[in-house]
Q: 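Dropping the structure in here first, questions after.
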Amino acid sequence: MANTKSSKKDILTSAKKAARNKSARSVLKTAVRKAEKAIVVGGDEAKNAIVSSQSALDIAAKKGIIHANTAARKKSRLVKKLNTAIAAN
């Protein structure tokens with residue numbers, strides 16, 4: 001348990017940041033999932049979904065919610081899935 005006033009404040013502020021990051025991470029995961037689903041379905045919607053998920057990944061990386069390399073890896077994998085799906089059709 002926290003003993004000093006500053007450590008108690010640190011616990012409160014870290015809880016606020018964790019809640020904010022959890023919400024942002026949830027939005028990010030939803031965007032990536034929608035993009036993956038759109039790729040499977042196909043069509044012009046897939047490209048729009050990938051663009052929005054890439055934007056969400058960039059924002060999350062900029063805010064420090066995920067690492068920049070993680071965002072780059074996820075974006076690369078999404079585009080690779082899209083290109084594979086297009087080539088298959």
Q: Compare every heavy atom of Lys8 with every heavy atom of Asn3, then report the nearest pair and how far apart it is.
A: O-CE, 4.1 Å
Q: The test is side-chain contact (heavy atoms from CB on, under 4.5 Å); show your working for Thr84 and Lys81 and say whether it passes.
A: CA-CA 5 Å; Thr84 305; Lys81 284 180 186 180; 5.7 Å; no
Q: Just by distance, do the side chain of Ser26 and the backbone of Lys22 share a donor-acceptor pair under 3.5 Å?
A: no
Q: What residues form a salt bridge (charged side-chain N to carboxylate O under 4.0 Å, His left out) with Lys34, not counting sequence neighbours?
A: none
Q: Any donor-acceptor pair under 3.5 Å linking the side-chain atoms of Thr4 with those of Ser7?
A: yes
Q: Could you state the interatomic distance from CD1 (Ile65) to CG (Leu28), rounded to the nearest 0.5 Å?
A: 8.0 Å
Q: How about Lys75: does its NZ atom have over 12 heavy atoms from other parts shown lying under 6.0 Å from it?
A: yes
Q: Assigning hydrophobic clusters by single linkage (Ile, Leu, Val, Met, Phe, Trp, Tyr; side-chain heavy-atom cutoff under 4.5 Å), is Val51 placed with Leu82?
A: no
Q: To the nearest 0.5 Å, what is the distance between CD1 on Ile39 and CD on Glu36?
A: 6.5 Å
Q: Measure the spacing between CZ of Arg20 and CZ of Arg25 and express it to the nearest 0.5 Å.
A: 12.5 Å
Q: Look at the side chain of Ser76 and the backbone N and O of Ala72, then say whether any donor-acceptor pair between them is shorter than 3.5 Å.
A: no
Q: Decide yes or no for Leu78 and Arg73: does some side-chain heavy atom of the first lie under 4.5 Å from some side-chain heavy atom of the second?
A: no
Q: Rounded to the nearest 0.5 Å, what's the gap from OG1 on Thr13 to NZ on Lys16? Could you check?
A: 7.5 Å
Q: Ser14 side chain to Asp10 main-chain N or O, any donor-acceptor pair under 3.5 Å?
A: yes
Q: With a 4.5 Å cut-off on side-chain heavy atoms, are Ile50 and Lys47 touching?
A: no
Q: Please find the pair of heavy atoms, one from Ala71 and one from Ala61, that lie closest to each other, and give the distance.
A: CB-CB, 3.9 Å
